[in-house]
K.L.:
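Mind looking over this structure? Questions follow.
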Amino acid sequence: MTQGNYRWNKVAGTLFVFLSIFLLSNLEPGLALGPTSAQAQETPPGLESNPTDGSVPGSSRGTDSNGIIWEAIRNGAGGTASTRDPSGGRLIQAEGETWRLFRSGPLMKYSAWALLGIVALLALFYLLRGRIRIESGKSGNTVTRFKLIERVGHWTLAVSFIVLALTGLNVLYGRYVLLPILGPEAFGTISTWGKISHNYVGFAFMAGLIMIFVMWVLHNLPSKTDIGWLMRGGGLFVKHSHPPAKKFNAGQKLIFWAVILIGISLSLTGISLMFPFEIALFAKTFAFLNFFGFDLPTNLSAVQEMQFSQGWHAIQAVFLIVVVVAHIYIGSVGMEGAFDAMGTGEVDVNWAREHHSIWTEELENADKAGKQSGEAAGVPAE
Ligand code: HEM
């Protein structure tokens with residue numbers, strides 16, 4: 001090799017090394033190790049990947065994971081579908097997950113607390129106060145408190161409500177409470193029959209609701225005596241305290257209106273659940289509430305309407321069960337002589353005087369007036 005050739009070879013070698021370093025430093029790390037046959041091919045148009053916007057190679061929409069598109073779909077964006085269901089073109093009904101999380105989370109948790117809480121409170125009340133006695137003792141004379149038709153109305157409502165409450169609670173908690181005890185066969189049978197009875201017994205509940213409303217609404221209108229009764233806690237917490245009351249005291253009036261108003265709302269949401277997608281209750285109710293400053297959604301899909309119906313049905317049902325458990329306590333073990341009112345319809349006169357003094361006085365006055373005019377009336381002479 002000549003001196004000149006040697007120099008040119010050195011220059012060419014140095015240039016080759018620099019060129020290699022330049023090329024390698026500008027290549028993808030993967031390719032730097034040596035391209036595969038696929039990677040070595042030229043990328044067709046539309047298949048370029050871009051790691052910054054989340055898209056992946058491919059030209060169809062299914063391979064595009066663009067966050068903006070997914071957000072829109074999750075928020076309800078949809079296309080068109082050849083089905084009669086107007087929401088058929090919707091890919092994701094994200095509110096369904098919100099509803100599911102609410103149902104298996106706060107609804108179940110707080111309902112369990114409320115139900116166990118009222119039982120604990122009543123047990124505590126019983127321990128501290130004991131049974132509320134007829135303080136002047138039984139007189140042996142009775143007065144008619146509720147006629148047969150009133151008792152039929154009450155028991156139609158009461159029995160149907162208890163069946164609805166138990167079968168409804170089974171839908172909410174059965175799989176956690178009964179399934180492990182009874183096993184899948186028995187639990188399946190009970191739940192199937194429970195669901196069927198829940199649907200049909202609902203109509204008996206509505207009939208009972210109408211009956212007691214018609215018979216008792218006038219006696220449950222608010223009056224001045226209610227304030228005094230409430231101020232004294234109904235005399236429930238102190239012995240020898242009997243605030244005056246008419247046929248129904250303020251506590252009973254509150255129970256009456258809770259049963260009527262929540263009962264109507266439970267019936268409406270129940271019917272909408274029984275005939276899915278036929279009755280939309282919430283969009284219009286929310287639009288009405290928005291007049292009073294609320295900011296509730298009014299453009300609800302048919303599925304959302306069902307989810308609101310279910311959620312609201314359950315919340316109200318649990319609230320009413322809590323109220324009714326307290327009512328059942330005071331109407332049975334909690335107060336001496338109370339059950340007779342709905343049992344035989346006759347209560348002891350001393351019970352009536354202690355708990356419903358104004359009503360008893362009215363009956364006595366009517367009795368006296370009746371005697372003077374030769375008619376028989378409610379309260380027997382002593
Ligand atoms: C075993 C269950 C029940 C018992 C022992 C019971 C007992 C009674 C009694 C004794 C009365 C008359 C109170 C009085 O004379 O002043 C009454 C009234 C009433 N009951 Fe019941 N009841 C039961 C279940 C229910 C249920 C489930 C409901 C509703 C869903 C209900 C709703 C009412 C209403 C609205 C009144 C009139 C207002 C009041 O007294 O609070 N009852 N109940």
Side-chain angles (χ1 to χ4, degrees), residues 115 118-119 122 131-132 134 142-169 198 201-223 225-226 229-230 234-236 242-267 270 316-360 363 378:
L115 295 166
I118 189 67
V119 174
L122 291 172
R131 193 171 201 214
I132 299 170
I134 303 176
T142 59
V143 54
T144 304
R145 180 126 173 95
F146 294 113
K147 287 185 247 153
L148 179 64
I149 185 71
E150 292 176 286
R151 283 177 281 140
V152 168
H154 173 266
W155 288 117
T156 305
L157 181 79
V159 172
S160 59
F161 184 84
I162 291 168
V163 172
L164 290 167
L166 293 177
T167 51
L169 287 175
H198 197 89
V201 170
F203 293 102
F205 174 77
M206 291 174 218
L209 204 62
I210 294 170
M211 284 179 81
I212 67 150
F213 177 76
V214 171
M215 293 185 294
W216 295 343
V217 64
L218 290 180
H219 289 295
N220 280 288
L221 298 176
S223 70
T225 45
D226 296 333
W229 191 93
L230 286 171
L236 290 173
H242 293 293
K246 297 188 175 184
K247 174 145 183 166
F248 291 116
N249 61 43
Q252 290 176 299
K253 287 180 186 177
L254 288 174
I255 291 179
F256 174 84
W257 286 111
V259 169
I260 294 294
L261 297 177
I262 299 175
I264 292 173
S265 184
L266 272 174
S267 305
Q316 297 175 102
V318 170
F319 179 80
L320 198 56
I321 292 171
V322 168
V323 171
V324 162
V325 167
H327 165 76
I328 292 176
Y329 168 78
I330 209 78
S332 56
V333 284
M335 181 185 280
E336 183 184 9
F339 186 83
D340 295 335
M342 279 302 164
T344 59
E346 300 286 316
V347 288
D348 195 274
V349 173
N350 283 352
W351 179 90
R353 285 196 184 122
E354 284 177 16
H355 296 293
H356 299 275
S357 55
I358 302 174
W359 172 70
T360 317
L363 281 185

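All residue numbers refer to positions in the sequence shown, counting from 1. Note that the structure is predicted; figures quoted are calculated from it, not measured. Whatever order the structure lists them in is the order used to number ligands and atoms, beginning at 1. Scope of the values below: all heavy atoms of this structure, side chains included, with no hydrogens, waters or symmetry mates.
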K.L.:
Is any side-chain heavy atom of L363 closer than 4.5 Å to a side-chain heavy atom of W359?
P.N.:
yes
K.L.:
Looking only at protein heavy atoms, identify the closest one to atom 30 (C) of ligand 1 and say how far it is in Å.
P.N.:
F161 CG, 3.6 Å
K.L.:
For atom 36 (C) of ligand 1, grab the closest protein heavy atom and report residue, atom and distance to one decimal in Å.
P.N.:
W216 CZ3, 3.6 Å
K.L.:
Nearest non-hydrogen contact with atom 22 (N) of ligand 1 belongs to which option: H154, M335, K247, R145?
P.N.:
H154
K.L.:
With a 6.0 Å cut-off on ring centres, are W216 and F146 close enough?
P.N.:
yes
K.L.:
Which ligand 1 atoms does H356 reach within 4.0 Å, using its non-hydrogen atoms?
P.N.:
16 (O)
K.L.:
Where is the nearest protein heavy atom to atom 12 (C) of ligand 1: which residue, which atom, and how far?
P.N.:
F146 CE1, 3.6 Å
K.L.:
What's the shortest distance from atom 29 (C) of ligand 1 to any protein heavy atom, and which residue and atom give it?
P.N.:
L157 CD2, 3.6 Å
K.L.:
Can you find an N/O atom of Q252 closer than 3.5 Å to an N/O atom of ligand 1?
P.N.:
yes
K.L.:
One residue to check: K253. Relative to ligand 1, which of side chain, backbone, both or neither has a non-hydrogen atom less than 4.0 Å away?
P.N.:
neither
K.L.:
Between the side chains of H356 and R145, is a donor N or O closer than 3.5 angstrom to an acceptor N or O?
P.N.:
yes
K.L.:
Does the side-chain contact (heavy atoms from CB on, under 4.5 Å) test come out yes or no for E336 and W351, once each step is laid out?
P.N.:
CA-CA 8 Å; E336 183 184 9; W351 179 90; 6.0 Å; no
K.L.:
Which of the listed options, I328, D340, V333, N249, holds the heavy atom that is closest to atom 1 (C) of ligand 1?
P.N.:
I328
K.L.:
For atom 35 (C) of ligand 1, grab the closest protein heavy atom and report residue, atom and distance to one decimal in Å.
P.N.:
I212 CD1, 3.8 Å
K.L.:
Distance-only, no hydrogens or angles: does the W155 side chain make a donor-acceptor pair with backbone N or O of S160 under 3.5 Å?
P.N.:
no
K.L.:
Any nitrogen or oxygen of W351, main chain or side chain, under 3.5 Å from a nitrogen or oxygen of ligand 1?
P.N.:
no
K.L.:
Give the atom numbers and elements of ligand 1 that come within less than 4.0 Å of a heavy atom of A341.
P.N.:
15 (O)
K.L.:
Give the atom numbers and elements of ligand 1 that come within less than 4.0 Å of a heavy atom of A338.
P.N.:
10 (C)
K.L.:
Which protein heavy atom lies closest to atom 24 (C) of ligand 1, and at what distance to 0.1 Å?
P.N.:
A158 CB, 3.4 Å
K.L.:
With a 3.5 Å distance limit and no angle check, can you tell me whether D226 reaches the backbone of S223 through a side-chain donor-acceptor pair?
P.N.:
yes
K.L.:
Is there side-chain contact between V143 and E346, with at least one heavy-atom pair below 4.5 Å?
P.N.:
no
K.L.:
Report the C-alpha distance between V159 and V201 in whole Å, list the side-chain angles of each, state the deciding distance to 0.1 Å, and finish with yes or no for side-chain contact (heavy atoms from CB on, under 4.5 Å).
P.N.:
CA-CA 9 Å; V159 172; V201 170; over 6 Å; no
K.L.:
Examine distances only and state if a side-chain atom of E150 and a backbone atom of K147 form a donor-acceptor pair shorter than 3.5 Å.
P.N.:
yes
K.L.:
Heavy-atom contacts with G331 under 4.0 Å: which atoms of ligand 1 show up? List them by number with element.
P.N.:
10 (C)
K.L.:
Among all protein heavy atoms, pick the one closest to atom 9 (C) of ligand 1 and tell me residue, atom and distance.
P.N.:
M342 CG, 3.3 Å
K.L.:
Answer yes or no: is there a side-chain heavy-atom contact under 4.5 Å between L115 and L169?
P.N.:
yes
K.L.:
Taking distance alone, with no angle check, do H327 and ligand 1 share an N/O pair under 3.5 Å?
P.N.:
yes
K.L.:
Apply side-chain contact (heavy atoms from CB on, under 4.5 Å) to residues V325 and L122 and explain how you reach the verdict.
P.N.:
CA-CA 9 Å; V325 167; L122 291 172; 3.7 Å; yes
K.L.:
Considering distance alone, does some N or O of W155 sit under 3.5 Å from an N or O of ligand 1?
P.N.:
no
